[in-house]
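Since we're looking at a predicted model, the values are computed, not measured. Starting from 1, each residue takes its place in the sequence as its number. Just so it is clear, the values below take in all heavy atoms, side chains as well, and ignore hydrogens, waters and symmetry mates.
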Amino acid sequence: MLTGGKTYVGKASTPGGTIVWQDLTNTVATMTDPANPNYPANVCGVAVEAQGNDAFVKVVTSSGTVWQTHGDINGSNFIWNEAWIQQTTPMPAVLVRSGSMSGFTAPVSPNKIPPGLKAKSNHAAKPRK
């Protein structure tokens, strides 16, 4: 959850139970909340991914940089005590205006599209005589 410029993760002990939230922006550990140094400034989006015993929280800043931290979520563990690490910044797709078509299209030649992705013809097959 992202609120007030801070990112939180939470866990309930039972489905629908009370959620216990952990602040992932704190740089100094408390008795109940370990530190997560290097939280970036100007975070405007957050995503959570969980696989097995690991969970990852990724944030994106208003300048487009992506940062990630990791948590241990195996069994009753819910430990978020790692620093934020900058990830590779995604490059936006470049769109160009096509003179032969209205709207915008990606700058890819139809001849370079992999065969399995080529559009199929809408023409019905002619019946055999």
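- Taking each heavy atom of I73 and A50 in turn, the nearest pair found is CD1-CB, 3.9 Å.
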message: Is there a side chain to side chain contact (heavy atoms under 4.5 Å, CB included) between V59 and L2? Walk through the geometry before answering.
response: CA-CA 9 Å; V59 295; L2 176 63; 6.0 Å; no
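- By the rule that hydrophobic residues join a cluster once side-chain heavy atoms approach within less than 4.5 Å of another member, V48 and W80 end up as members of one cluster.
- Taking CD from Q86 and OG1 from T88, the interatomic distance works out to 8.5 Å, rounded to the nearest 0.5 Å.
- You'll find the side chain of V66 stays beyond 4.5 Å of the side chain of T89, heavy atoms only.
- The closest donor-acceptor contact from the side chain of N36 to the backbone of N26 lies at 3.5 Å or more, if one exists at all.
- Residues T65 and W67 have side chains that bring a donor and an acceptor to within less than 3.5 angstrom of each other.
- To the nearest 0.5 Å, atom NE2 of residue H70 and atom CZ of residue F56 are 4.5 Å apart.
- Distance alone, capped at 3.5 Å, places no donor-acceptor pair between the Q22 side chain and the V20 backbone.
- The minimum heavy-atom distance linking G17 with A12 is given by the pair O-CB, 3.6 Å.
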task: Apply side chain to side chain contact (heavy atoms under 4.5 Å, CB included) to L24 and W84, showing your working.
output: CA-CA 9 Å; L24 296 181; W84 288 90; 3.8 Å; yes
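- Between A29 and P34, the closest heavy-atom pair is CB-CA, 4.0 Å.
- Atoms NZ and CD, from K58 and E49 in turn, are 4.5 Å apart once rounded to the nearest 0.5 Å.
- Distance check: D72 CG to N77 CG gives 6.5 Å after rounding to the nearest 0.5 Å.
- Between G64 and P90 the shortest heavy-atom distance is O-CD, 4.0 Å.
- The shortest heavy-atom contact between P40 and T61 is CB-CG2, 3.9 Å.
- Note on residues 6-15: pairs passing side chain to side chain donor-acceptor pair (under 3.5 Å), not counting sequence neighbours, are T7-Y39.
- V57 is connected to V43 through a chain of hydrophobic side-chain contacts under 4.5 Å among Ile, Leu, Val, Met, Phe, Trp and Tyr, so both are in one cluster.
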